[in-house]
Amino acid sequence: MIPLFEKARRLSLTDTELEILEYFEKNIHRRMFSSLNQVSGELYTSNATIVRFCKKLGLRGYNEFKYQVRRELEQLQHPVETAGTLIARSAAQFRDNVDALDAGKLEEIADLLTSDRSIYIYGGSLSSMAAKYLHIILTTLDYPSILVEWQRLLNGLVEGMDPHTVLLLVSAHGDAERYLSVLRKAREKGAATVLLTCQEDSPLLPYSTISLCTNDENEEYHQVDVNPRLGILTIIQILIEMIARKKELQ
(Lines give C-alpha, C1' and ligand atoms only; values in the text may rest on other atoms or scores of the structure.)
Protein backbone atom coordinates (compact mmCIF):
# COMPACT_ATOMS: atom_id res chain seq x y z
CA MET A 1 0.00 0.00 0.00
CA ILE A 2 1.09 3.56 -0.62
CA PRO A 3 2.72 4.82 2.63
CA LEU A 4 0.66 8.02 2.56
CA PHE A 5 -2.53 5.96 2.37
CA GLU A 6 -1.34 3.79 5.27
CA LYS A 7 -0.78 6.97 7.27
CA ALA A 8 -4.31 8.14 6.42
CA ARG A 9 -5.77 4.83 7.58
CA ARG A 10 -4.19 5.35 11.01
CA LEU A 11 -5.85 8.75 11.40
CA SER A 12 -9.33 9.47 12.71
CA LEU A 13 -11.13 10.23 9.45
CA THR A 14 -14.65 11.53 8.96
CA ASP A 15 -17.00 9.63 6.64
CA THR A 16 -16.31 12.18 3.90
CA GLU A 17 -12.53 11.95 4.37
CA LEU A 18 -12.73 8.15 4.24
CA GLU A 19 -14.68 8.43 1.00
CA ILE A 20 -11.95 10.70 -0.44
CA LEU A 21 -9.25 8.20 0.57
CA GLU A 22 -11.11 5.25 -0.97
CA TYR A 23 -11.67 7.27 -4.15
CA PHE A 24 -7.92 7.54 -4.67
CA GLU A 25 -7.17 3.99 -3.57
CA LYS A 26 -9.40 2.69 -6.36
CA ASN A 27 -7.82 3.02 -9.81
CA ILE A 28 -4.99 5.11 -8.39
CA HIS A 29 -3.05 5.39 -11.67
CA ARG A 30 -5.88 7.26 -13.40
CA ARG A 31 -6.96 9.41 -10.48
CA MET A 32 -3.50 10.73 -9.73
CA PHE A 33 -3.94 12.97 -12.78
CA SER A 34 -7.42 14.21 -11.85
CA SER A 35 -7.83 17.92 -11.20
CA LEU A 36 -9.21 19.22 -7.92
CA ASN A 37 -12.43 20.23 -9.69
CA GLN A 38 -12.82 16.75 -11.20
CA VAL A 39 -12.40 15.06 -7.82
CA SER A 40 -14.84 17.37 -6.05
CA GLY A 41 -17.35 16.91 -8.86
CA GLU A 42 -17.19 13.11 -8.80
CA LEU A 43 -17.38 12.98 -4.99
CA TYR A 44 -20.02 15.72 -4.72
CA THR A 45 -17.94 17.55 -2.15
CA SER A 46 -16.17 20.91 -2.03
CA ASN A 47 -12.62 21.72 -3.06
CA ALA A 48 -12.00 23.02 0.46
CA THR A 49 -12.96 19.66 1.99
CA ILE A 50 -10.44 17.84 -0.21
CA VAL A 51 -7.71 20.37 0.61
CA ARG A 52 -8.45 19.97 4.35
CA PHE A 53 -8.08 16.19 3.94
CA CYS A 54 -4.65 16.75 2.33
CA LYS A 55 -3.60 19.05 5.16
CA LYS A 56 -4.68 16.44 7.68
CA LEU A 57 -1.96 14.25 6.15
CA GLY A 58 0.62 16.97 6.80
CA LEU A 59 0.65 18.35 3.23
CA ARG A 60 0.13 21.92 1.99
CA GLY A 61 -2.66 21.07 -0.43
CA TYR A 62 -3.97 18.89 -3.24
CA ASN A 63 -1.06 19.40 -5.65
CA GLU A 64 1.44 18.26 -3.03
CA PHE A 65 -0.82 15.30 -2.21
CA LYS A 66 -0.79 14.16 -5.86
CA TYR A 67 2.96 14.64 -6.11
CA GLN A 68 3.61 12.67 -2.91
CA VAL A 69 1.42 9.75 -3.98
CA ARG A 70 3.02 9.63 -7.44
CA ARG A 71 6.49 9.63 -5.93
CA GLU A 72 5.66 6.87 -3.44
CA LEU A 73 4.00 4.83 -6.18
CA GLU A 74 7.14 5.14 -8.32
CA GLN A 75 9.33 4.09 -5.40
CA LEU A 76 7.22 0.97 -4.89
CA GLN A 77 7.05 -0.04 -8.54
CA HIS A 78 10.39 1.35 -9.84
CA PRO A 79 8.99 2.05 -13.31
CA VAL A 80 11.13 3.16 -16.22
CA GLU A 81 10.07 6.67 -17.21
CA THR A 82 9.81 6.54 -20.99
CA ALA A 83 9.29 9.52 -23.26
CA GLY A 84 5.74 8.29 -23.90
CA THR A 85 4.97 8.18 -20.17
CA LEU A 86 6.30 11.68 -19.62
CA ILE A 87 4.34 13.04 -22.60
CA ALA A 88 1.10 11.43 -21.37
CA ARG A 89 1.59 12.82 -17.87
CA SER A 90 2.44 16.31 -19.12
CA ALA A 91 -0.57 16.31 -21.48
CA ALA A 92 -2.90 15.29 -18.64
CA GLN A 93 -1.55 18.02 -16.37
CA PHE A 94 -1.84 20.60 -19.15
CA ARG A 95 -5.50 19.70 -19.80
CA ASP A 96 -6.26 19.84 -16.08
CA ASN A 97 -4.73 23.28 -15.84
CA VAL A 98 -6.58 24.71 -18.87
CA ASP A 99 -9.91 23.22 -17.76
CA ALA A 100 -9.57 24.90 -14.36
CA LEU A 101 -8.83 28.40 -15.69
CA ASP A 102 -11.33 31.12 -14.85
CA ALA A 103 -12.12 33.02 -18.07
CA GLY A 104 -13.66 35.90 -16.13
CA LYS A 105 -10.50 36.44 -14.11
CA LEU A 106 -8.38 36.33 -17.27
CA GLU A 107 -10.55 39.07 -18.77
CA GLU A 108 -10.15 41.19 -15.63
CA ILE A 109 -6.37 40.79 -15.67
CA ALA A 110 -6.15 41.64 -19.39
CA ASP A 111 -8.22 44.77 -18.77
CA LEU A 112 -5.90 45.85 -15.94
CA LEU A 113 -2.76 45.29 -18.01
CA THR A 114 -4.13 47.37 -20.89
CA SER A 115 -5.40 50.20 -18.71
CA ASP A 116 -3.67 53.54 -18.22
CA ARG A 117 -2.49 52.53 -14.76
CA SER A 118 1.12 52.11 -13.65
CA ILE A 119 1.94 48.42 -14.19
CA TYR A 120 4.58 46.58 -12.14
CA ILE A 121 5.40 42.95 -12.99
CA TYR A 122 7.44 40.94 -10.50
CA GLY A 123 8.95 37.47 -10.66
CA GLY A 124 11.86 36.20 -8.61
CA SER A 125 14.29 33.35 -9.40
CA LEU A 126 12.96 31.12 -12.19
CA SER A 127 9.57 32.85 -12.08
CA SER A 128 11.31 35.91 -13.48
CA MET A 129 11.31 34.19 -16.90
CA ALA A 130 7.51 34.27 -17.05
CA ALA A 131 7.42 37.85 -15.72
CA LYS A 132 10.05 38.98 -18.20
CA TYR A 133 8.24 37.38 -21.14
CA LEU A 134 5.00 39.18 -20.27
CA HIS A 135 6.86 42.47 -19.78
CA ILE A 136 8.62 42.24 -23.17
CA ILE A 137 5.40 41.54 -25.08
CA LEU A 138 3.43 44.26 -23.27
CA THR A 139 6.15 46.78 -24.05
CA THR A 140 6.28 45.68 -27.69
CA LEU A 141 2.51 46.18 -27.93
CA ASP A 142 2.89 49.71 -26.50
CA TYR A 143 1.46 48.89 -23.08
CA PRO A 144 4.15 50.30 -20.76
CA SER A 145 5.08 48.25 -17.70
CA ILE A 146 7.97 48.05 -15.24
CA LEU A 147 9.73 44.71 -14.68
CA VAL A 148 10.99 44.06 -11.14
CA GLU A 149 13.28 41.10 -10.48
CA TRP A 150 14.73 41.93 -7.07
CA GLN A 151 12.66 41.69 -3.90
CA ARG A 152 14.49 44.55 -2.20
CA LEU A 153 13.53 46.83 -5.07
CA LEU A 154 9.95 45.60 -4.86
CA ASN A 155 9.90 46.33 -1.11
CA GLY A 156 10.90 49.91 -1.85
CA LEU A 157 8.57 50.45 -4.82
CA VAL A 158 5.47 49.33 -2.93
CA GLU A 159 5.78 52.38 -0.66
CA GLY A 160 4.95 54.62 -3.62
CA MET A 161 2.01 52.61 -4.96
CA ASP A 162 -1.52 54.05 -5.04
CA PRO A 163 -5.00 53.18 -6.41
CA HIS A 164 -3.67 53.90 -9.92
CA THR A 165 -1.14 51.05 -9.62
CA VAL A 166 -1.33 47.40 -10.73
CA LEU A 167 1.11 44.88 -9.27
CA LEU A 168 1.26 41.47 -10.99
CA LEU A 169 3.28 39.02 -8.91
CA VAL A 170 4.42 35.57 -10.09
CA SER A 171 5.25 33.32 -7.13
CA ALA A 172 5.43 29.66 -8.11
CA HIS A 173 7.51 28.36 -5.24
CA GLY A 174 6.34 27.54 -1.73
CA ASP A 175 8.20 30.42 -0.04
CA ALA A 176 5.44 32.92 -0.75
CA GLU A 177 5.35 34.21 2.84
CA ARG A 178 8.28 36.51 2.08
CA TYR A 179 5.95 38.56 -0.14
CA LEU A 180 3.23 38.95 2.50
CA SER A 181 4.38 42.39 3.63
CA VAL A 182 4.51 43.59 0.00
CA LEU A 183 0.94 42.58 -0.82
CA ARG A 184 -0.35 43.85 2.51
CA LYS A 185 1.23 47.23 1.86
CA ALA A 186 -0.03 47.30 -1.75
CA ARG A 187 -3.52 46.56 -0.49
CA GLU A 188 -3.28 49.35 2.10
CA LYS A 189 -2.24 51.73 -0.68
CA GLY A 190 -5.30 50.74 -2.74
CA ALA A 191 -3.30 49.13 -5.57
CA ALA A 192 -4.79 46.28 -7.62
CA THR A 193 -2.77 43.09 -7.04
CA VAL A 194 -2.71 40.09 -9.37
CA LEU A 195 -1.20 36.81 -8.13
CA LEU A 196 -0.12 33.90 -10.35
CA THR A 197 0.88 30.90 -8.25
CA CYS A 198 0.81 27.11 -8.05
CA GLN A 199 0.37 27.07 -4.28
CA GLU A 200 -3.36 26.55 -3.83
CA ASP A 201 -3.23 27.45 -0.14
CA SER A 202 -0.82 30.35 -0.59
CA PRO A 203 -0.90 32.86 2.29
CA LEU A 204 -0.88 35.57 -0.38
CA LEU A 205 -4.36 34.74 -1.69
CA PRO A 206 -6.32 36.86 0.85
CA TYR A 207 -4.26 39.93 -0.12
CA SER A 208 -4.72 39.55 -3.88
CA THR A 209 -7.36 41.41 -5.86
CA ILE A 210 -7.30 38.65 -8.47
CA SER A 211 -5.52 35.30 -8.18
CA LEU A 212 -5.04 32.33 -10.48
CA CYS A 213 -3.63 29.03 -9.23
CA THR A 214 -2.11 26.45 -11.59
CA ASN A 215 -1.31 22.77 -11.05
CA ASP A 216 2.45 23.13 -11.51
CA GLU A 217 4.25 21.02 -8.92
CA ASN A 218 6.92 22.48 -6.66
CA GLU A 219 9.65 19.88 -7.11
CA GLU A 220 13.35 19.84 -6.34
CA TYR A 221 16.08 17.60 -7.69
CA HIS A 222 19.28 17.66 -5.65
CA GLN A 223 18.05 20.95 -4.11
CA VAL A 224 17.49 22.48 -7.55
CA ASP A 225 14.08 23.99 -8.32
CA VAL A 226 12.66 21.99 -11.25
CA ASN A 227 9.08 23.29 -11.14
CA PRO A 228 8.27 23.52 -14.89
CA ARG A 229 5.90 26.51 -14.48
CA LEU A 230 4.09 25.37 -17.63
CA GLY A 231 0.74 26.26 -16.13
CA ILE A 232 1.88 29.77 -15.28
CA LEU A 233 3.44 30.20 -18.72
CA THR A 234 0.16 29.02 -20.27
CA ILE A 235 -1.72 31.75 -18.39
CA ILE A 236 0.85 34.32 -19.53
CA GLN A 237 0.48 33.18 -23.16
CA ILE A 238 -3.32 33.35 -23.03
CA LEU A 239 -3.14 36.86 -21.54
CA ILE A 240 -0.73 37.93 -24.27
CA GLU A 241 -3.06 36.67 -27.01
CA MET A 242 -6.03 38.40 -25.40
CA ILE A 243 -4.08 41.66 -25.14
CA ALA A 244 -2.88 41.38 -28.75
CA ARG A 245 -6.49 41.04 -29.93
CA LYS A 246 -7.49 44.06 -27.86
CA LYS A 247 -4.75 45.98 -29.64
CA GLU A 248 -6.10 44.94 -33.04
CA LEU A 249 -9.53 46.29 -32.18
CA GLN A 250 -8.26 49.74 -31.19
Side-chain angles (χ1 to χ4, degrees), residues 1-74 88-109 170-174 176 194-219 227-236 238-239:
M1 181 183 286
I2 299 295
L4 191 62
F5 291 171
E6 291 180 350
K7 176 182 179 179
R9 288 287 180 183
R10 294 194 296 269
L11 298 175
S12 177
L13 300 177
T14 65
D15 290 342
T16 300
E17 290 169 342
L18 186 59
E19 186 181 0
I20 294 170
L21 175 60
E22 291 174 347
Y23 170 88
F24 286 106
E25 287 177 330
K26 297 174 183 176
N27 201 355
I28 184 174
H29 294 277
R30 178 176 67 84
R31 286 171 173 164
M32 276 303 93
F33 293 103
S34 296
S35 68
L36 184 58
N37 288 335
Q38 284 177 314
V39 177
S40 62
E42 291 183 22
L43 290 176
Y44 298 100
T45 190
S46 68
N47 290 4
T49 299
I50 297 168
V51 172
R52 280 196 299 271
F53 166 73
C54 298
K55 289 183 176 179
K56 199 168 189 176
L57 297 176
L59 305 171
R60 289 194 300 270
Y62 179 63
N63 284 338
E64 187 175 6
F65 170 78
K66 288 199 297 183
Y67 171 67
Q68 181 69 17
V69 172
R70 288 175 192 159
R71 184 170 60 180
E72 292 181 358
L73 192 61
E74 289 171 1
R89 183 174 67 184
S90 296
Q93 291 175 324
F94 179 81
R95 286 194 299 270
D96 288 347
N97 188 65
V98 172
D99 289 344
L101 288 179
D102 187 320
K105 287 185 177 181
L106 287 168
E107 291 282 0
E108 289 182 61
I109 297 171
V170 183
S171 174
H173 216 268
V194 178
L195 174 67
L196 304 185
T197 184
C198 60
Q199 190 180 357
E200 58 194 343
D201 59 345
S202 171
L204 303 178
L205 294 174
Y207 302 98
S208 307
T209 308
I210 307 171
S211 62
L212 287 173
C213 185
T214 72
N215 63 355
D216 296 308
E217 295 175 350
N218 280 318
E219 302 179 50
N227 182 327
R229 293 167 173 79
L230 291 178
I232 287 176
L233 286 167
T234 298
I235 289 175
I236 295 293
I238 291 172
L239 285 172

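Of the possible polar contacts, none joining the Ser211 side chain to the Leu205 backbone as a donor-acceptor pair under 3.5 Å is found. Under the 3.5 Å distance criterion, the side-chain polar atoms of Ser40 are matched with a main-chain donor or acceptor of Leu36. Of the possible polar contacts, one joining the Ser202 side chain to the Leu204 backbone as a donor-acceptor pair under 3.5 Å is found. Without hydrogens or angle criteria, Glu108 side chain to Ile210 main chain gives no donor-acceptor distance under 3.5 Å.
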Side-chain atoms of residues 15-22: list all donor-acceptor pairs with protein atoms under 3.5 Å, sequence neighbours left out, distances to 0.1 Å.
unit_1 : atom_1 : unit_2 : atom_2 : d
Glu17  : OE1    : Thr14  : N      : 2.9
Glu17  : OE1    : Thr14  : OG1    : 3.4
Glu17  : OE1    : Lys56  : NZ     : 2.8

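With a 4.5 Å cut-off on side-chain heavy atoms, Val69 and Glu72 do not count as touching. Side-chain contact between Leu106 and Asp102: absent, with no pair of heavy atoms (C-beta onward) separated by less than 4.5 Å. A heavy-atom distance below 4.5 Å is found between the side chains of Arg9 and Glu25. Between Thr214 and Leu230, the closest side-chain pair of non-hydrogen atoms is not below 4.5 Å.
With rounding to the nearest 0.5 Å, the separation of CD1 in Ile232 from SG in Cys198 is 5.5 Å. Between the CD atom of Gln68 and the SG atom of Cys54 there is a distance of 11.0 Å, given to the nearest 0.5 Å. Of the inter-residue distances, the one linking Phe53 atom CZ with Thr45 atom OG1 reads 11.5 Å to the nearest 0.5 angstrom. Distance check, rounded to the nearest 0.5 Å: CD1 of Ile28 to OH of Tyr23 gives 12.0 Å. Taken from CZ in Arg70 to CD1 in Ile2, the straight-line distance is 12.5 Å, to the nearest 0.5 Å.
Checking each of Leu195, Thr197, Ile235 against Leu212 for a side chain to side chain contact (heavy atoms under 4.5 Å, CB included) leaves exactly one that passes, namely Ile235.
Smallest separation of non-hydrogen atoms from Ser34 and Tyr62: O-OH, 2.7 Å.
Taking Ser35 as the reference, Asn37, Gln38, Asp96 meet the side-chain contact (heavy atoms from CB on, under 4.5 Å) condition, with sequence neighbours excluded. Considering only residues two or more places apart in sequence or on other chains, Pro203 meets the side-chain contact (heavy atoms from CB on, under 4.5 Å) condition with Ala176, Glu177, Leu180, Gln199.
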side-chain contact (heavy atoms from CB on, under 4.5 Å) assessment of Thr209 paired with Val194: CA-CA 6 Å; Thr209 308; Val194 178; 5.9 Å; no
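Residues Phe65 and Phe24 place their aromatic rings such that the two centres sit under 6.0 Å apart.
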